[in-house]
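A quick write-up on the structure given underneath.
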Amino acid sequence: MGLFKHPEVILMHYDITVIGSGIAGLYTCISAESEYNVLLISKSDFLNSNTYLAQGGIAGVLAEDDSFESHFDDTLKAGKSENDKRAVEVMVKEGPQDILRLKDIGVEFDTGSDGRLLRTLEGGHSIRRIVHCKDSTGKEVAQKLLGRVVDRQNISLMERTFVYDIEKRDDEFIVYLIDHKGHKQSVTSSNVVLATGGIGKIYKNTTNSSVATGDGICLARKLGASIKKMSYIQFHPTALDVEVEERPLISEAVRGEGAYLLNERGQRFMHKYSPMAELAPRDDVCKGILAEARIQGSNHFYLDISHKDSDYVRKRFPYIYEKCMEWNIDMTRERIPVYPCQHYLMGGIDVDINSSTGIQGLYAVGECSNTGVHGKNRLASNSLLEGMVFSRRAVSTMKLQRHAYEKIDLAVKNDGVNHIDKGIKSEIMDIMQSSYFIEADIEKSLRGVKRLGEITSELREGSYRTDIEYYETLNMAQVASMILGEIIENADFK
């Protein structure tokens, strides 16, 4: 796909500008009526998102043996009851209709011989309720939604284009853009939807895609939106323990289908830390692994599903099987080395039940938002569900306003001569990895937030070329500062 779908409509006014092409951004686009003039912007390829990487599936009450009350209770238990109950109720009750809409769009969920949707079990759930497309649910969903977006004549597309600033003037926004070649321009919009995903790339080891640098959170804060609970970060207990920064996820569904979590001695241990054992919520499993690591004096842990039929495992988890084989690990015959890894942000841009930030026309959906549904720890497979429900609700509250387009003179910062040293990004990642990995280290957080402040000042005051790399690095430093600052603010120094 080319850089722009409709190059002739650049520098114009849009009813809705959507920033981010994961499930929340794509679902926002298809939820807009055809009379809306919509622009979808992706800073990378449209399919480079955390949605595309999602394996497990989508949680929803779709069978008679399940209930809204059960899904509600499981979500609150996982979130340590810090969830917004009204938001959770909306999600679990409205979510099934959005899952069925995906099916109507053409998403090929796995079904049994009777044609009914197959459901799997994941950590924190009291019943099988996660529908899936083998172990590549996000890929299937993203591809089908993008296909629907491309077919819509009212939606314009910008790929490999970064939003580096947004201004609010009266009742419309000016959105400032820079493409991958360094060209800058602007558009205006009545409504802006931030769907920019998470913050995983501020960590050295993450399951997130390369685009997860907290851009939307920084844009919202500059516009005056409230940012909430940034220290509520989820670490996934079972990422493939290999020496790469973006670590392949070993889906919770592997444990749901019977895999054992083992310590270095080959012993199951999670029963010591939770009555749900391997199927406890993610934060409980992570804490169990840390506790066991201290007892055993070893960080070597494994998932073992080799006791299951090998043909079933390969068929049920083809993506994970292939990923493991890239590292010469045959999961049908041997243990998979795993260790916790940064995975998800529960906090973010504070929004109401309709995804409004409180700034007229500015919405936030998906992982960059804080709807309150996840509380302190997200229940497995609620993320794609949240992205659909609250992006659809955002569109339903928007006002259609027709404006005569007036070209905006772009105030472009005089570019400096220096390119960003990639070592700055690495330093930010190292600070976060050492300061806050499952448990916060207050002393390191204090030193880290000081250094992050210095980095931010250096970036703003230095003579740097303001390309995408510059803006990403600045956003990473600011987001990391927000997280560690909140940890320090909430710390008990007594």
Side-chain angles (χ1 to χ4, degrees), residues 24 54 56-99 119-131 198 228-237 251-253 255-256 270 273-288 340 343-355 364-393 438-439 486 490:
I58 309 176
V61 179
L62 294 163
E64 293 180 358
D65 61 349
D66 199 1
S67 69
F68 294 137
E69 291 77 15
S70 176
H71 192 182
F72 180 92
D73 290 344
D74 289 347
T75 300
L76 259 64
K77 287 176 184 176
K80 304 298 183 280
S81 295
E82 291 194 27
N83 319 64
D84 182 312
K85 292 182 180 180
R86 184 182 174 212
V88 176
E89 183 177 10
V90 166
M91 182 182 71
V92 300
K93 287 186 175 180
E94 295 185 6
Q97 70 185 27
D98 292 301
I99 296 173
R119 296 170 291 148
T120 192
L121 182 66
E122 293 185 357
H125 289 273
S126 57
I127 193 172
R128 287 178 175 264
R129 68 163 62 94
I130 296 96
V131 296
K228 190 175 182 181
K229 297 182 178 178
M230 287 295 288
S231 62
Y232 283 17
I233 295 174
Q234 183 176 81
F235 298 87
H236 199 288
S251 171
E252 216 145 333
R255 281 175 281 140
M270 271 306 301
Y273 305 104
S274 171
M276 298 183 75
E278 283 94 345
L279 289 174
R282 291 172 178 173
D283 60 338
D284 291 338
V285 180
C286 284
K287 290 174 182 176
H343 184 59
Y344 194 85
L345 174 69
M346 276 77 67
I349 306 162
D350 190 19
V351 296
D352 65 15
I353 205 74
N354 295 313
S355 300
V365 295
E367 191 173 352
C368 72
S369 70
N370 180 260
T371 60
V373 295
H374 304 308
K376 200 168 186 178
N377 175 59
R378 176 172 66 81
L379 180 66
S381 290
N382 269 353
S383 57
L384 299 183
L385 188 71
E386 178 201 28
M388 290 190 295
V389 169
F390 293 97
S391 60
R392 170 178 47 75
R393 290 178 69 91
I438 302 178
E439 297 174 350
E486 185 175 288
N490 295 332

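Every heavy atom of this structure was used, including side-chain atoms; hydrogens, water molecules and symmetry mates were not.
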Measure from the side-chain N and O atoms of [X] to the backbone N and O of [Y], and report whether any donor-acceptor pair falls under 3.5 Å.
| X | Y | value |
| --- | --- | --- |
| Ser381 | Gly57 | yes |
| Glu367 | Leu345 | yes |
| Glu486 | Met230 | yes |
| Glu252 | Gly123 | yes |

**Report entry** Atom pair OG/CG of Ser81 and Asn83 - distance to nearest 0.5 Å
**Finding:** 6.5 Å
**Report entry** Nearest-0.5 Å distance, CE of residue Met388 to CD1 of residue Ile58
**Finding:**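 Output value for this atom pair is 4.5 Å.
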Do [X] and [Y] have side chains that approach each other closer than 4.5 Å (heavy atoms only, starting at C-beta)?
| X | Y | value |
| --- | --- | --- |
| Pro340 | Ile438 | yes |
| Asn370 | Ile349 | no |
| Val285 | Tyr273 | no |

Report task. State yes or no: are the ring centers of His374 and Tyr344 separated by less than 6.0 Å? Result ->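 Distance test on ring centres: under 6.0 Å, yes.
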Query - Partners passing side-chain contact (heavy atoms from CB on, under 4.5 Å) against Glu64 (at least two apart in sequence or in another chain) - result: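 Counting only residues at least two positions away or on another chain, Glu64 forms no side-chain contact (heavy atoms from CB on, under 4.5 Å).
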Query raised in the report: If you look only at pairs with a residue in residues 373-389, which of them pass as a salt bridge (charged side-chain N to carboxylate O under 4.0 Å, His left out), with sequence neighbours excluded?
Result: none
Requested in this report: May I have all residue pairs that pass salt bridge (charged side-chain N to carboxylate O under 4.0 Å, His left out) and include part of residues 81-91, sequence neighbours excluded?
Outcome: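 Only Glu89-Lys93 qualify under salt bridge (charged side-chain N to carboxylate O under 4.0 Å, His left out).
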Listed by chain and number, what are the salt bridge (Lys or Arg N to Asp or Glu O under 4.0 Å) partners of [X], not counting sequence neighbours?
| X | value |
| --- | --- |
| Asp74 | Arg129 |
| Glu122 | none |
| Glu94 | Arg392, Arg393 |

Report summary line: Test side-chain contact (heavy atoms from CB on, under 4.5 Å), reference Met91, set Thr371, Leu385, Asp98, output is Leu385
**Report entry** side-chain hydrogen bond (donor to acceptor under 3.5 Å, both in side chains) between Thr75 and Asn382, worked out
**Finding:** CA-CA 8 Å; Thr75 300; Asn382 269 353; 3.2 Å; yes
